[in-house]
Student: 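Supplied in structure tokens, the structure appears directly below.
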Amino acid sequence: MVEQHVDEVMAPRLEKLARLDEAHVEPYPRRYERTHLAAGAIARFDSLTGREIRVAGRLVSWRGMGKATFCHVADVSGRLQLYLRRDVLGTEAYDFVTKTLDLGDIVGAEGTLFRTRTGEVTLEVKRLELLAKSLRPLPEKWHGLQDTEKRYRQRYLDLIANDEVKQVFVTRSRVISSMRRFLEERGFIEVETPALQPIYGGAAAKPFVTYHNALDQTLFLRIAVELYLKRLIVGGLDRVYEIGKDFRNEGISTKHNPEFTMMECYQAYADYKDVAQMVEMMVSSIAAEVLGTRQFAFKGETIDVTPPWRRLTLREAIREGAGIDYVEYPERESLAEAMRAKGITVDAAAGRGKLIDNLLSEFVEPKLIQPTFLFDYPVELSPFAKRKPEDATTVERFEAFVGGMEIANAFSELNDPRDQRQRFLEQLRLREMGDEETQVMDEDYLVALEHGMPPTGGLGMGVDRLVMLLTDRQSIREVILFPQLRTKA
RNA sequence: GGGCCGCUAGCUCAAUUGGCAGAGCAGCUGACUCUUAAUCAGCCGGUUCACAGUUCGAGUCUGUGGCGGCUCACCA
């Protein structure tokens with residue numbers, strides 16, 4: 001996207017650089033001692049009047065009027081208007097500055113604050129220094145940068161031109177830090193587990209494959225951290241969490257990026273009901289901290305995350321949404337038949353669990369706008385969840401949905417090594433039948449379980465989706481700074 | 001991978017039925033000491049995504065390819 005003929009556009013700026021060199025002005029000096037951010041200076045205007053302050057940032061507007069000039073500098077906090085007067089700066093300095101600066105340059109300005117006739121807090125500049133010369137033009141000042149591809153590929157331009165984009169990523173940061181605070185306050189400790197794994201597991205997904213030369217060994221980028229965190233529960237860390245990237249070698253969509261941020265946490269001596277309570281408290285506490293409210297807009301709806309959230313079983317939800325009670329169809333074929341009778345197309349390769357999952361995502365998930373927990377999933381879909389004591393075909397698992405998206409998945413962790421081995425074997429069987437996204441046998445994990453893992457509640461939460469929700473973005477690419485795109489030839 | 005849409009100046013966008021490629025912003029020159037999408041006068045700026053084809057003539061029609069967006073599939 002960076003064209004060759006921009007030379008023409010850059011030429012005037014390169015000429016100005018040459019002029020700076022002639023005048024022995026360093027266009028890229030080392031540092032600048034700033035005293036205030038733009039927003040802080042404006043907020044504290046009353047106590048700052050008459051005092052010299054220094055701000056620094058990018059020149060984002062320029063209105064020259066001969067012997068005086070108004071312009072704005074932008075820093076992280078916002079923008080501040082500068083007022084340059086020839087009789088204040090001196091003719092020589094004024095002329096030099098106005099002839100060598102460009103929109104986009106990074107400058108430092110020292111002066112005193114005043115209010116203009118229209119009331120805008122403005123810095124009357126006594127000294128203006130170039131801190132970094134910009135050689136390329138800024139995006140269009142009024143329409144900003146609209147080209148989606150360019151916005152993603154050159155996100156820095158997006159951040160310069162589109163203020164609300166900057167706000168999204170500031171919010172993202174606050175969401176994650178609020179999440180950490182919530183977990184820390186409850187005694188969870190943050191851990192880091194391998195991203196390069198000899199055996200991948202903990203989710204149904206295709207991995208990225210890589211290779212370590214010295215070990216002469218194939219490694220996989222993790223698709224989840226689940227199995228490592230539970231090893232730490234075996235080790236007695238009792239409450240652990242990790243916030244990090246998972247990698248899944250699958251399609252890209254507005255809800256899927258090949259690398260995405262997941263929070264997983266595990267709490268010994270808790271079950272999935274405890275975890276559900278924690279999820280609703282966590283999300284509502286994050287919303288309150290970051291947005292200042294538990295109610296917010298998403299896709300034109302007002303979402304209220306105040307606990308308690310609506311709770312129903314997966315069975316009820318599907319019966320309600322699709323008109324099929326899958327418990328009445330315990331065999332794959334009878335369920336498929338019932339679906340066909342309703343005019344639902346049945347994926348020939350899908351097993352019973354997959355069919356139930358299809359029903360969920362097609363008939364239930366899109367309707368779950370207000371926060372909802374769906375409890376109790378079929379065992380086929382959940383190889384790491386504990387069975388219900390009264391029903392061996394169902395596991396203690398829930399997913400949380402908000403805004404029509406799945407944002408969390410949790411269960412009472414399976415800690416019986418005998419059953420876990422059976423589940424792995426069942427996954428193996430599905431793999432032989434052609435399912436590429438099943439778990440692979442992890443003997444090392446089984447050994448850990450055989451040492452005894454306390455009853456544990458575990459949770460995975462999609463951080464990107466949570467941020468989408470809290471910032472009202474419809475695409476995951478809007479909350480990931482550099483989303484995956486095809487590289488340009 | 002399928003479907004739909006898009007790609008024109010650095011940026012944001014026009015261009016009638018196939019008939020001279022345009023505007024605003026940015027840039028350059030000049031005027032202007034409270035402007036804020038500053039204003040005013042003038043100037044510069046194009047491989048219309050690429051390649052082929054139809055045609056007297058293609059930004060426009062056709063084909064192939066590239067990239068992007070949306071969507072479906074996929075994705076517990």
Side-chain angles (χ1 to χ4, degrees), chain A residues 1-13 15-16 60-72 79 81-89 94 99 102-104 114-120 122 124 135-154 157 161 202-206 223-224 248-258 260 314 345 347 349-351 353-354 356-358 360-362 365 374 377-378 380-385 395 397-399 406 409 411 435-439 460 462 474-475 477 483 485-489:
Chain A
M1 286 312 283
V2 180
E3 313 291 342
Q4 299 309 312
H5 50 264
V6 287
D7 288 355
E8 293 170 32
V9 180
M10 289 171 66
R13 293 175 183 236
E15 279 166 29
K16 288 174 189 174
V60 291
S61 76
W62 187 271
R63 293 174 297 283
M65 295 184 303
K67 298 184 188 65
T69 296
F70 284 93
C71 55
H72 279 95
R79 49 179 61 189
Q81 182 167 254
L82 305 183
Y83 182 39
L84 315 179
R85 290 173 59 118
R86 195 163 81 171
D87 56 8
V88 172
L89 284 164
Y94 181 85
K99 287 210 160 52
D102 282 295
L103 233 35
F114 73 105
R115 256 185 219 281
T116 62
R117 195 174 289 162
T118 53
E120 179 166 353
T122 300
E124 182 170 289
L135 298 179
R136 292 179 186 269
L138 247 30
E140 216 257 2
K141 68 174 175 183
W142 186 238
H143 298 92
L145 183 64
Q146 302 290 332
D147 183 318
T148 316
E149 180 182 359
K150 185 158 281 201
R151 287 184 48 229
Y152 296 158
R153 287 191 196 276
Q154 293 177 271
L157 293 180
K206 286 175 232 164
I223 58 172
R248 297 187 185 175
N249 206 340
E250 282 150 3
I252 295 175
S253 79
T254 47
K255 285 182 188 163
H256 302 265
N257 195 60
F260 61 100
L314 177 67
T345 45
D347 178 0
K354 193 75 154 207
I356 292 172
D357 189 51
N358 291 157
L360 167 62
S361 44
E362 190 170 344
E365 185 167 341
L374 297 187
Y377 280 61
E380 304 95 298
L381 283 173
S382 319
F384 297 107
V395 294
R397 168 183 173 186
F398 73 79
E399 292 184 311
E406 178 201 333
N409 177 25
F411 25 90
D435 190 342
E436 290 179 81
E437 298 181 345
T438 58
Q439 297 299 314
Q474 312 293 306
S475 167
R477 293 184 204 106
L485 302 176
R486 198 180 299 271
T487 50
K488 288 275 189 175

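First the proteins, then the strands, lettered A, B, ... as listed; each starts at 1.
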Student: Scan side-chain atoms only and decide if A:Arg397 and A:Asn409 contain a donor-acceptor pair under the 3.5 Å cut-off.
Tutor: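 Yes, side-chain donor-acceptor contact under 3.5 Å.
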Student: Identify whether any heavy atom of A:Arg13 sits under 4.0 Å from a base atom; if not, whether one sits that close to sugar-phosphate; answer base, sugar-phosphate or nothing.
Tutor: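 Touches nothing.
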Student: Over how many whole Å does the gap from A:Arg248 atom CZ to B:C74 atom C1' extend?
Tutor: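 Interatomic distance, CZ of A:Arg248 to C1' of B:C74: 14 Å.
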Student: Is any side-chain N or O of A:Arg117 closer than 4.0 Å to OP1 or OP2 of B:A38?
Tutor: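 So the side-chain polar atoms of A:Arg117 never come under 4.0 Å of the phosphate oxygens OP1 or OP2 of B:A38.
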Student: Under 4.0 Å, heavy atoms only, any strand: does A:Ala161 hit a base, just the sugar-phosphate, or nothing?
Tutor: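 Here A:Ala161 touches no strand at all.
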Student: Checking side chain to side chain contact (heavy atoms under 4.5 Å, CB included) for the pair A:Arg477/A:Thr148: CA distance, chi angles, key distance, verdict?
Tutor: CA-CA 10 Å; A:Arg477 293 184 204 106; A:Thr148 316; over 6 Å; no
Student: Ignoring the backbone of A:Pro137, work out which of B:U35, B:A76, B:G10 is nearest its side chain.
Tutor: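 So the nucleotide nearest the side chain must be B:G10.
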Student: Looking only at the side chain of A:Phe411 (C-beta and beyond, no hydrogens), which of the listed nucleotides B:A76, B:G27, B:C34 gets closest?
Tutor: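 In terms of side-chain proximity for A:Phe411, the closest of B:A76, B:G27, B:C34 is B:A76.
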Student: Is the phosphate of B:A31, meaning OP1 or OP2, less than 4.0 Å from a side-chain N or O of A:Lys67?
Tutor: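 Negative; the distance criterion is not met.
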Student: For B:C32, does OP1 or OP2 lie under 4.0 Å from any side-chain N or O of A:Arg63?
Tutor: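 No, no such contact exists.
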Student: In terms of the nearest nucleotide of RNA chain B, which residue is placed more toward the 5' end: A:Lys141 or A:Gln146?
Tutor: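 So the residue in question is A:Gln146.
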Student: Within the 4.0 Å heavy-atom criterion, would you say A:Lys255 contacts the bases, only the backbone, or no part of the nucleic acid?
Tutor: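 The answer is nothing, as A:Lys255 stays clear of every strand by at least 4.0 Å.
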Student: Can you tell me the distance, in whole Å, between the CZ atom of A:Phe260 and the C1' atom of B:A76?
Tutor: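 These atoms are roughly 12 Å apart.
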Student: Just by distance, do the side chain of A:Arg79 and the backbone of A:Ser61 share a donor-acceptor pair under 3.5 Å?
Tutor: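 Absent.
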Student: Side-chain N or O of A:Lys150 versus OP1/OP2 of B:G68: is the shortest distance under 4.0 Å?
Tutor: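 Result: no.
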Student: Considering only side-chain heavy atoms of A:Leu485, which listed nucleotide, B:A76, B:G68, B:U33, is closest?
Tutor: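 The listed nucleotide nearest to A:Leu485's side chain is B:G68.
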Student: In whole Å, I'd like the distance from the CZ atom of A:Arg79 to the C1' atom of B:A37.
Tutor: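 Distance check: A:Arg79 CZ to B:A37 C1' gives 11 Å.
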Student: Rounded to whole angstrom units, what separation is found between the CH2 atom of A:Trp142 and the C1' atom of B:A37?
Tutor: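 Result: 5 Å.
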Student: Please tell me which of the listed nucleotides, B:A76, B:G69, B:U33, lies nearest to the side chain of A:Tyr83?
Tutor: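 Closest of the options to the side chain of A:Tyr83: B:U33.
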Student: What contact category does A:Glu120 fall into here, base, sugar-phosphate, or nothing, at under 4.0 angstrom with non-hydrogen atoms?
Tutor: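 Contact class for A:Glu120: base.
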Student: Across the strands shown, which category fits A:Leu157 at heavy-atom distances under 4.0 angstrom: base, sugar-phosphate, nothing?
Tutor: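 The answer is nothing, as A:Leu157 stays clear of every strand by at least 4.0 Å.
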Student: Atom CD1 in A:Ile223, atom CG in A:Asn249: separation rounded to 0.5 Å?
Tutor: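 A:Ile223 atom CD1 to A:Asn249 atom CG measures 11.0 Å (nearest 0.5 Å).
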Student: Under 4.0 Å, heavy atoms only, any strand: does A:Gly104 hit a base, just the sugar-phosphate, or nothing?
Tutor: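 Result for A:Gly104 = nothing.
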Student: Think A:Thr69 has a side-chain N or O under 4.0 angstrom from the OP1 or OP2 of B:U33?
Tutor: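 A:Thr69 to B:U33 OP1/OP2: no side-chain N or O under 4.0 Å.
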Student: Heavy atoms only, 4.0 Å cut-off, all strands: where does A:Gly353 land among base, sugar-phosphate and nothing?
Tutor: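 No contact at all - A:Gly353 keeps every heavy atom at 4.0 Å or more from the nucleic acid.
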Student: Could you state the atom-to-atom distance from CG of A:Leu138 to P of B:A26 in whole Å?
Tutor: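 A:Leu138 atom CG is separated from B:A26 atom P by 11 Å.
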Student: Could you state the atom-to-atom distance from CG of A:Leu103 to C1' of B:A37 in whole Å?
Tutor: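 After rounding, the reported distance stands at 12 Å.
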Student: Would you mind classifying the nucleic acid contact of A:Thr116 as base, sugar-phosphate or nothing, using non-hydrogen atoms under 4.0 angstrom?
Tutor: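 Since a base atom lies under 4.0 Å of A:Thr116, the category is base.
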Student: Could you check which of B:G68, B:U12, B:U33 has an atom nearest any side-chain atom of A:Arg85?
Tutor: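 My answer, after comparing the listed nucleotides, is B:U33.
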Student: Looking for any heavy atom pair under 4.0 Å, which part of the strands does A:Ser253 touch: base, sugar-phosphate only, or nothing?
Tutor: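 A:Ser253: no heavy atom of the nucleic acid under 4.0 Å.
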Student: Of A:Trp62 and A:Gly144, whose nearest nucleotide on RNA chain B comes first from the 5' end?
Tutor: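 Nearer the 5' end of the strand: A:Gly144.
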Student: Given atom CZ of A:Arg153 and atom C1' of B:C49, what is their separation to the nearest angstrom?
Tutor: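 The answer, rounded to whole Å, is 13 Å.
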Student: RNA chain B: stems of at least 3 consecutive Watson-Crick or G-U pairs, cut-off 3.5 Å?
Tutor: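 The stems that RNA chain B takes part in, listed by first number, are B:1-7 with B:66-72, B:10-13 with B:22-25, B:27-31 with B:39-43, B:49-53 with B:61-65.
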Student: Considering only heavy atoms and no angle criterion, is a donor-acceptor pair shorter than 3.5 Å present between the side chain of A:Asp147 and the base of B:U12?
Tutor: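 No pair found.
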Student: Base, sugar-phosphate alone, or nothing: which one does A:Glu399 contact when heavy atoms must sit under 4.0 Å apart?
Tutor: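 Sugar-phosphate: the residue A:Glu399, judged by heavy atoms under 4.0 Å, touches backbone atoms but no base.
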Student: Could you tell me whether A:Tyr94 contacts a base, only the sugar-phosphate backbone, or nothing, with contacts defined as non-hydrogen atoms closer than 4.0 Å?
Tutor: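 Result for A:Tyr94 = nothing.
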Student: Is the phosphate of B:G69 approached by A:Arg151 (side-chain N or O, under 4.0 Å from OP1 or OP2)?
Tutor: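 It does not, given that no N or O in the side chain of A:Arg151 lies less than 4.0 Å from OP1 or OP2 of B:G69.
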Student: Starting at atom CD of A:Glu250, determine the distance to atom C1' of B:A76, rounded to an integer number of angstrom.
Tutor: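 Going from CD in A:Glu250 over to C1' in B:A76 covers 11 Å.
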Student: Is it the case that the side chain of A:Glu380 and the backbone of A:Lys354 share a donor-acceptor pair, with hydrogens and angles ignored and the cut-off at 3.5 Å?
Tutor: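 No; judged by distance alone, with no hydrogens or angles, the pair does not exist.
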Student: Between B:C34, B:A37, B:U12, spot the one nearest the side chain of A:Leu145, thanks.
Tutor: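 Of the candidates, B:U12 comes closest.
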Student: What I want to check is whether an N or O donor and acceptor connect the side chain of A:Glu140 with the base of B:G24 at under 3.5 Å.
Tutor: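 Indeed, a donor on one side and an acceptor on the other fall under 3.5 Å apart.
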Student: Base, sugar-phosphate or nothing for A:Lys99? Non-hydrogen atoms, less than 4.0 Å.
Tutor: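 No contact.
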